[in-house]
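Beneath this line is the structure, given in structure tokens, with notes to follow.
Note that the structure is predicted; figures quoted are calculated from it, not measured. Residue numbers count from 1 along this sequence.
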Amino acid sequence: NYRANKISQKAVGEMRRAREEEFRPYVVLDIRFDRSEMYLILKNEGKSPAFNVRLPLDQNPRVWNSLVGGKEFHFKDMAISRELAMLSPGEEFKEWVDESFRFFKNNEGKQLTGKITYDDSEGKKFEFPVDMDLTPYAQRSYTIQKGFKELTTAVSNVQKNLQRNW
């Protein structure tokens, strides 16, 4: 009986731990591209809300270079670098970084390292390491999609240039 009781207690403990793991928040960092635009995204992939979400990075890359002339902005100027009060399950916080070619032109390092920290609803603290190699993204070529009108204008311009030069 004693041994069966110990085995049952251990099984109940394992089930409790598995339930806690299943229903906790899981916040991850992702990089997404939409044509030539680059975005950083924090997303809660878990089944419960994440509170006090923070993303301290070891680097402070330049951002928003496509918007401004003369003034430099860095990661620490972005809203995603500040604490988010809460991310609900399935929710994502998406922020525009820059046009991808400008980002890679203005930042020598091709590595993002740091950590994501957050709490669950009971105040339990979690930490998720960030170690992203951006080299594959820097070497991608991007196609900017245009409509039919832009295509016909471009073809007409090529045709005019050919006629002038022949």
**Asked** Could you walk me through whether Arg82 and Leu84 pass the side-chain contact (heavy atoms from CB on, under 4.5 Å) check?
**Response** CA-CA 6 Å; Arg82 297 184 198 97; Leu84 301 173; over 6 Å; no
Flag the pair [X] / [Y] as yes when at least one side-chain heavy-atom distance between them is below 4.5 Å, and no otherwise.
X: Tyr118; Y: Asn44; value: no
X: Asn60; Y: Phe75; value: yes
X: Leu42; Y: Ile116; value: yes

**Closest non-hydrogen atom pair, Val27 against Ala50** =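 Nearest pair, atom of Val27 first, then Ala50: CG2-CB, 3.5 Å.
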**Prompt:** Quick check, are the ring centers of Phe33 and Tyr137 under 6.0 angstrom apart?
**Reply:**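 For Phe33 and Tyr137, the ring centres are under 6.0 Å apart.
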Taking atom [atom1] of [X] as the centre, report whether more than 12 heavy atoms of other residues, nucleotides or ligands fall under 6.0 Å from it.
X: Lys94; atom1: NZ; result: yes
X: Gln9; atom1: CD; result: yes
X: Lys110; atom1: NZ; result: yes

**Item:** Worked verdict on Ile31 versus Leu40 for side-chain contact (heavy atoms from CB on, under 4.5 Å)
**Value:** CA-CA 5 Å; Ile31 295 177; Leu40 284 179; 3.7 Å; yes
**Asked** Quick one: hydrophobic cluster around Ile7, which other residues, with the 4.5 Å side-chain cut-off, linked directly or via members?
**Response**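 None; Ile7 is a cluster of one.
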Between the main-chain N or O of [Y] and the side-chain N or O of [X], is there a donor-acceptor pair closer than 3.5 Å?
X: Gln159; Y: Ser156; answer: no
X: Asn106; Y: Arg102; answer: yes
X: Glu95; Y: Ala79; answer: yes

Atom pair [atom1]/[atom2] of [X] and [Y] - distance to nearest 0.5 Å:
X: Ser81; Y: Leu55; atom1: OG; atom2: CG; value: 8.0 Å
X: Arg24; Y: Phe126; atom1: CZ; atom2: CZ; value: 4.5 Å
X: Phe51; Y: Leu87; atom1: CZ; atom2: CG; value: 10.0 Å
X: Glu92; Y: Asp30; atom1: CD; atom2: CG; value: 8.5 Å
X: Glu83; Y: Asn52; atom1: CD; atom2: CG; value: 4.5 Å
X: Phe23; Y: Asp120; atom1: CZ; atom2: CG; value: 13.5 Å

**Prompt:** Among the clusters formed by ILVMFWY side chains lying less than 4.5 Å apart, do Tyr39 and Val63 turn up in the same one?
**Reply:**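 Yes; Val63 is reachable from Tyr39 via cluster members.
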**Request:** Say whether Tyr26 and Leu29 are linked into one hydrophobic cluster, either directly or through other cluster members, by side-chain heavy-atom distances under 4.5 angstrom.
**Result:**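 In one cluster with Tyr26: Leu29, no.
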For residues 127-134, which side-chain donor-acceptor pairs fall under 3.5 Å, sequence neighbours excluded?
residue: Asp131; atom: OD1; partner: Gln111; partner atom: NE2; Å: 2.5
residue: Asp133; atom: OD1; partner: Thr135; partner atom: N; Å: 3.1
residue: Asp133; atom: OD1; partner: Thr135; partner atom: OG1; Å: 2.8

**Request:** List in chain and number order the residues that pass side chain to side chain contact (heavy atoms under 4.5 Å, CB included) with Ser48, two or more places apart in sequence or in another chain; answer none if no residue qualifies.
**Result:**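 In terms of side chain to side chain contact (heavy atoms under 4.5 Å, CB included), with neighbours along the sequence ignored, Ser48 is linked to Pro25.
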**Prompt:** Do we see a donor-acceptor contact under 3.5 Å between the side chains of Glu37 and Ser100?
**Reply:**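 The answer is no; no qualifying pair exists.
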